[in-house]
Trainee: 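Quick one: this structure, given as structure tokens, is what I'll be asking you about.
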Amino acid sequence: QVQLVESGGGLVQTGGSLRLSCAASGRTFSGYSMGWFRQAPGKEREFVAVISQGGSTYYSDSVKGRFTISRDYSKNTVYLQMNSLKPEDTAAYYCAARTGWGQINSEKYDYWGQGTQVTVSS
């Protein structure tokens with residue numbers, strides 16, 4: 001029902017920046033909380049950031065101060081601006097959506113994108 005498509009991943013050097021985009025289908029985008037999660041091979045999926053319907057944000061301690069989540073209602077798109085990237089940020093990044101308040105647990109999300117790879121070289 002809701003399709004999420006991530007883009008913007010790539011290979012960057014330590015200290016570099018990337019901006020990920022997540023384009024959402026449908027006409028109910030404004031009613032969803034949107035989250036970003038990431039998963040490295042052999043690791044559990046972990047929370048990165050979330051933005052609520054009203055624009056409130058919350059970040060994992062590991063990215064706080066370096067990443068910024070935002071949303072553009074007119075474009076049905078959520079962004080993740082990633083600055084000061086570190087090798088430990090290397091992972092597949094996934095956009096997710098849910099109705100209700102924002103959550104840090106991935107199991108609470110209803111819709112997921114296909115992921116976009118971010119690789120930070122040392």
Side-chain angles (χ1 to χ4, degrees):
Q1 292 180 297
V2 177
Q3 185 178 60
L4 305 175
V5 180
E6 303 98 331
S7 62
L11 174 65
V12 297
Q13 300 179 73
T14 297
S17 298
L18 283 174
R19 189 178 77 159
L20 306 183
S21 298
C22 174
S25 66
R27 292 174 284 180
T28 60
F29 174 76
S30 62
Y32 288 83
S33 294
M34 305 293 296
W36 284 99
F37 295 80
R38 65 188 183 187
Q39 187 169 27
K43 304 288 186 178
E44 293 185 355
R45 184 171 297 180
E46 66 173 336
F47 167 77
V48 176
V50 63
I51 185 165
S52 73
Q53 304 97 312
S56 298
T57 60
Y58 182 79
Y59 300 90
S60 166
D61 287 342
S62 64
V63 307
K64 193 175 300 180
R66 299 187 297 121
F67 291 10
T68 302
I69 188 171
S70 61
R71 65 195 301 169
D72 186 333
Y73 292 98
S74 66
K75 295 183 177 181
N76 289 340
T77 301
V78 63
Y79 303 96
L80 185 68
Q81 178 66 48
M82 305 185 295
N83 299 324
S84 302
L85 284 162
K86 306 173 181 179
E88 54 261 43
D89 296 318
T90 296
Y93 282 70
Y94 297 88
C95 177
R98 72 181 304 274
T99 56
W101 64 66
Q103 294 280 346
I104 65 171
N105 295 323
S106 62
E107 293 182 346
K108 299 297 184 179
Y109 285 79
D110 302 307
Y111 306 101
W112 293 85
Q114 83 288 350
T116 185
Q117 180 67 37
V118 172
T119 302
V120 184
S121 64
S122 60

Trainee: Under 4.5 Å between any side-chain heavy atoms of Trp36 and Cys95, yes or no?
Mentor: yes
Trainee: Please check: side-chain N/O of Ser25 versus main-chain N/O of Gln3, any donor-acceptor pairing under 3.5 Å?
Mentor: yes
Trainee: Does any part of the side chain of Phe67, heavy atoms only, come nearer than 4.5 Å to the side chain of Asn83, both counted from C-beta?
Mentor: no
Trainee: Side-chain heavy atoms nearer than 4.5 Å, only ILVMFWY residues, links allowed to pass through others: does that put Val2 and Tyr79 together?
Mentor: no
Trainee: Flag the pair Val50 / Tyr109 as yes when at least one side-chain heavy-atom distance between them is below 4.5 Å, and no otherwise.
Mentor: yes
Trainee: Looking at every heavy atom in both Leu4 and Ala24, which two are closest together, and how far apart are they?
Mentor: CD2-CB, 3.6 Å
Trainee: Trp101 and Tyr59: same hydrophobic cluster, using ILVMFWY side-chain contacts below 4.5 Å?
Mentor: no
Trainee: Applying the side chain to side chain contact (heavy atoms under 4.5 Å, CB included) criterion to Met82, which one of Asp89, Val118, Val120 satisfies it?
Mentor: Val118
Trainee: List for me each residue that meets salt bridge (charged side-chain N to carboxylate O under 4.0 Å, His left out) alongside Arg19, sequence neighbours excluded, and say none if there are none.
Mentor: none
Trainee: For the residue pair Thr90 and Gln117, establish whether any side-chain heavy-atom pair is separated by less than 4.5 Å.
Mentor: yes
Trainee: Do Arg38 and Ser62 touch side chain to side chain, with heavy atoms closer than 4.5 Å?
Mentor: yes
Trainee: Between the main-chain N or O of Ser121 and the side-chain N or O of Thr14, is there a donor-acceptor pair closer than 3.5 Å?
Mentor: yes
Trainee: Are a donor atom and an acceptor atom from the side chains of Ser21 and Glu6 found within less than 3.5 Å of each other?
Mentor: no
Trainee: Using every non-hydrogen atom in the two residues, find where Arg45 and Ser106 come nearest and quote the distance to one decimal.
Mentor: CD-CB, 4.2 Å
Trainee: If you look at every heavy atom in Ala23 and Thr77, which pair is closest and at what distance?
Mentor: CA-OG1, 4.1 Å
Trainee: Going by heavy atoms in the side chains, are Ser17 and Val12 under 4.5 Å from each other?
Mentor: no
Trainee: Could you grab the distance from atom OH of Tyr58 to atom CZ of Phe47, nearest 0.5 Å is fine?
Mentor: 6.5 Å
Trainee: Would Val48 and Val5 show up in the same hydrophobic cluster when neighbours are defined by side-chain heavy atoms closer than 4.5 Å?
Mentor: no
Trainee: Above 12 or not: heavy atoms from other molecules or residues under 6.0 Å from CD of Gln13?
Mentor: no
Trainee: Could you state the interatomic distance from CZ (Phe37) to CD1 (Ile104), rounded to the nearest 0.5 Å?
Mentor: 8.5 Å
Trainee: Same hydrophobic cluster for Leu18 and Ile51, using side-chain heavy-atom links shorter than 4.5 Å among ILVMFWY?
Mentor: yes
Trainee: Take atom NZ in Lys64; do more than 12 heavy atoms of anything else shown fall under 6.0 Å from it?
Mentor: yes
Trainee: Which heavy-atom pair separates Ala91 from Ala40 by the least distance, and what is that distance?
Mentor: CB-N, 3.9 Å
Trainee: Side chains of Val78 and Leu80: does their closest heavy-atom pair fall under 4.5 Å?
Mentor: no
Trainee: Hey, could you give me the OG/CZ distance between Ser52 and Arg71, rounded to the nearest 0.5 Å?
Mentor: 7.0 Å
Trainee: Taking atom CE of Met34 and atom CD of Gln53, what is their separation to the nearest 0.5 Å?
Mentor: 11.0 Å
